[in-house]
Amino acid sequence: MSETPTRIDFRSNVQHVPPHVPPSVQKATAKFLGTRASVVEVVGDERWQSLRQAGHDLRLHTITHLDYYLTQLEESVTQAGGHVHWARDAQEARRIVLDIARHASRNVKRAVKVKSMATEEIGLNHFMIEAGIQTLETDLGEFIIQLAGVGPSHIIVPAVHLTKEGIADLFREKLGVDAPADPIQLAAIARAKLRQEFLAADMGISGANFMVAETGTLVIVSNEGNGRMCTTLPPLHVAVVGIDKVVPDMDSLNVLLKLLPRSATGQKMTAYTSFITGPRRTDAENGPQELHLILLDNGRTRILQDKIARETLLCIRCGVCLNVCPVYNNVGGHAYGWTYSGPIGAILAPQLLGAEVAGDLPFASSLCGACAEFCPVKIPIPEILVRLRHRVVEGDPVGGPSASPMLRFAAEVGGRTLGLPWLYELGTQWLKIVQAPLRKDGWLPNLPPPLNRWTMSRPMPAFGADVRDWWRDRTPLGRRRKMERKIGLGTLAVGVVALAAWLLARKRGK
Amino acid sequence: MNDPDPFVHESASIPAKITAGNPRKDEHERQTVIKAQLFITCLGENFFSPVLQDMVRLLERLGVQCELPEGQTCCGQPLYNSGFQSQTMEPARQWLRVFRRTEGYIVAPSGSCADFVRHRYPELFPQGTREHAQAVQAAARTFEFTEFLVRVLQVQDVGATFPYRVTYHAACHILRGLGLRQEPKQLLQAVRGLEFIPLPEEETCCGFGGIFSVVYPEVSRAMMENKVRNIEASGAQVVVVSEPGCLMNIAGGLAKIGSPVRAMHLIQILASNGAAP
């Protein structure tokens, strides 16, 4: 379950996508995009675009002044009665959560969880269960994937890859209940089980969508009410939140709360927007007696070092880039091999895990740009993908180049050839000749590797560079130039062949 | 040679203003010859030379004086997008050597190449260098074909006749790179006899994506097949694809299944006089 992989092989993963996955995913994403379009239309394009710009600007401001806002956040959370912990990486974060749970005064046995990508990222559930603390996901989608023993396949709808029939089978197998493939009845089964768990839990674990630096408020946006249960019923609330989730103040939050639900689920507001400022102050109040906030770095400060790629950290995890991505829609989230999938996963995972592990992912995009067009905080995802491709092939501050020496050599030769117009032109004419045995009705239906990766799906048009000669034929000067070129290129070709023959003969002679 | 072209100077500094240079509307401007340097592009030249010939005929019919500068190779985008950004410099320098001394507009039958020159070239060279200044100047003069017709020449009806049912695939770089959403369809709708049919999921990528199509061929194929299904379902006889890479992909996909639908470049439709495609 969300174990950190050693190497993500995207091509192998996409070859093993179960056939039911793309249709399930496409059904859900189409629905989200449809509702999104109607709520954005109500806002009006001009206002929506200015909201996006405001969202982008304030997020960029915040992540470039993280030191200031995180210090402010620590002060205000502490002032509100909470405890703040700093975790450098996943291991440290897990250890802090466990230490809090195991503290003699608390002796936690059962924990309930709100849906949180940060805790998926650090593989918290598995760790807690290994340590003997029953840890249960209470978001319906997370509950389902926890039963299935897999990670989320979407940022906001983690079980989107499953059909209702698949979920009914899972409930039958894991919960021993005979469930019909009906969403309402399936939800009722989960609800009945979860209700007892909320009441029995010693600890609630959550993430947060935002943390307001000015007031020390954690903001959780959800639709199921489980978030409120987990953060109010148990006596202890532990929140694990990426340091990128801080916002300066309530005005900034206001902008982001307009962007997030509209982009994510196509709602103006989610059913629940919880504001949690410290634990309860008096016994008369509801809520936990203790609140701990764990601020998770886990590679985020490293992302900040790259001026282009750092806009990755603007992300508010709405998932719209997944919904609109043609690659994601055809392969589903698990093909991306880790917690974060889709376009944001393709830029986030390589930066958090390193190019050695996730260097395939920046290439898993046609660079169509739909993600950037829809992103509510205007992350230039295609530019970051290209930037990361560069870091993968040529190395970056974290790891060496991972492109094969052969490929790098080919790129070097390619680049130089494209700088030599006579050689390039010779090549275009040469291709017209050598393709002859492979040519059929103006197409090349089968090409040798690596171009067989193209022709396995569709033929390639035959090479036919004639436009220059056609152009040169139009004027006397052009015709003369054409003749000179033909003679020059012809002599060159003959020379190359003669040289090759001579070298070959010499080698044979030895 | 001729007097310096006033449009060149303007276009180099304030791209928005060049739209004033409309030879069809303004009697005074009619005096000035508009020049177009053909940026033939590597895929355009190698796979679609007849389209480039149509482009010359069409532009000349509209009173534009065409030139085809010698020495063109590839703009370098495939290398750049593969992460080989240092290796992109050679082709980019060659491109600048070819186009920097030319006059007038630079026009490509491809949104992706025009987008690359316009938006990436100025970033390739360090600010303050001569190459950077040349890249910025060239970027401002470079246009995709549709964009050149609609925004520069301000033409919508080019006098073409094409009596077929036609649908349109919005290639990603024309749509999102250059922001041309309605323009190609406006040109099509002005063609005589043409019945325009909207394409379901018109703005969804066809799966070409340059190296993407060979790095992840299975995903590329799934995207292409989805596009081809939508094209067939539209009931059109012809699908217009104004991007050489996407045209290779979609035409190949249609050929693979023996579809009766033909994939054509917008230029071919606009250059048509009604004869069978």
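Everything numeric in this text was worked out from a predicted model, so none of it was measured. The sequence lines fix the lettering, A, B, ..., with proteins before strands; numbering per chain opens at 1.
Side-chain contact, N81(B) with R389(A): no donor N or O sits under 3.5 Å from an acceptor N or O.
Note: F463(A) and F47(B) have tilted aromatic rings, judged against thresholds of 30 and 60 degrees for the angle between ring planes.
Nearest heavy atom pair, residue V467(A) against residue E45(B), reads CG1-CG, 4.1 Å. Closest approach of E67(B) to W471(A), counting heavy atoms only: CA-CZ2, 3.6 Å.
Using a 4.5 Å cut-off between heavy atoms, A462(A) touches chain B through its backbone atoms (N, CA, C, O) alone. For a residue to count as touching a neighbouring chain, one of its non-hydrogen atoms must lie under 4.5 Å from one of that chain's; by this rule S213(B) touches chain A with backbone and side chain alike. Heavy-atom distances place the side chain of E373(A), and not its backbone, under 4.5 Å from chain B.
For an aromatic pair to be called close, the ring centres must be under 6.0 Å apart, and F212(B) with F363(A) fails this.
Chain A is approached within less than 4.5 Å, heavy atom to heavy atom, by R120(B) from residues 115-125 of chain B, ordered by number.
Each side chain to side chain donor-acceptor pair (under 3.5 Å) pair with one or both residues in residues 13-23 of chain A, not counting sequence neighbours, appears once here: Q15(A)-E218(B). The ring pair (Phe, Tyr, Trp, His ring centres under 6.0 Å) pairs that include a residue from residues 239-261 of chain B number zero, where partners must be two or more places apart or lie in different chains.
For F208(B), the ring-ring contact (aromatic ring centres under 6.0 Å, His included) criterion is met by W454(A), not counting sequence neighbours.
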*Give the intermediate values and the outcome of salt bridge (charged side-chain N to carboxylate O under 4.0 Å, His left out) for residues E90(B) and R416(A).*
CA-CA 6 Å; E90(B) 272 310 304; R416(A) 283 174 196 257; over 6 Å; no

